Amino acid sequence: MSINDTLKKLKEDLAKTAADINTSLADPSITKEIEVPGQKSLDLLAEVQNNLQQMITKLDAKLAKGIPTSRVVDFLNELLETEYDAIFSYSYHALSVEDKQLKKELLDLGYMEMRHFELIRDKIVSFGVEPKWKLTKYMDCTSTEPIEFLRWHLKAEQAAIDLCKDGIAEGLDDALGGFLKETIKDEEGHIKWLKELIERFGSASPLKAD
Ligand SMILES: [Fe+2]
Ligand SMILES: [Fe+2]
């Protein structure tokens, strides 16, 4: 187990204990049973809880501090590539199909990726660094066959999720204030959406513009 994993595990255990104490303190049926004279036992419990909370805050800072800013920025630049490819490939594929509904939904997905792109770019800029990226690493599909390009998008969304998960395992999410977990939620929604599109449009043939 790496030091980061150990710290994370410790933090989780402490957070659970702190939450248990909190529950006990809020439950009159439990606090009534504490037979230490006066209010002292409850004060002690509250103090332990407070100390645990402080330890959790320190561990959070330690996890974030162990990672150099350059690593966080490199990671974000890589994540930016998945979004950059997604914006343009959704738009490209939207132009290549005739079906109005599929066209609209592909454009909607592209606009959402634009928002992801902006969020990640702003994160990079917040570290005082210029964002950089290159095209087609995650989305190398020029096919205009819906079944084929939708599957490519599915693969690219999964690549973005995998990258975010790697970042979380490395402790980068703490340095980014939970941003990666939020991004995973969005991308998982996109995967669900794409699977529905594949089911609805994948088998039909007259979707191509040419
Ligand atoms: Fe995205
Ligand atoms: Fe996405």
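Both ligands and their constituent atoms are indexed starting at 1 by order of listing. Values in this document were obtained by computation on a predicted structure and should not be read as measured data.
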_Can you check the angle at the Fe ion (ligand 1) formed by OE2 of Glu187 and OE1 of Glu113? Round it to the nearest 10°._
140°

*Minimum-distance pair of heavy atoms, taken over all atoms of Leu180 and Phe75*: CD2-CE2, 3.6 Å

*Can you tell me if His190 has an N, O or S atom under 2.8 Å away from the Fe ion (ligand 1)?*
no

*With no hydrogens and no angle check, do the side chains of Asp162 and Gln158 hold a donor and an acceptor under 3.5 Å apart?*
yes

*asked:* Applying salt bridge (Lys or Arg N to Asp or Glu O under 4.0 Å) to Lys103 and Asp99, what does each step give before you reach the verdict?
replied: CA-CA 6 Å; Lys103 193 186 279 285; Asp99 188 288; over 6 Å; no

*How are the rings of His93 and Phe149 set to each other: parallel, tilted or perpendicular (split at 30° and 60°)?*
parallel

*Give the name of the N/O/S atom in His116 that lies closest to the Fe ion (ligand 1).*
ND1

*asked:* Under 2.8 Å from the Fe ion (ligand 1), can any N, O or S atom of Glu83 be found?
replied: yes

*asked:* Can you give me the closest heavy-atom contact between His116 and Asp186, atom names plus distance?
replied: NE2-OD2, 2.8 Å

_Taking N, O or S atoms only and a limit of 2.8 Å, check whether Glu157 reaches the Fe ion (ligand 1)._
no

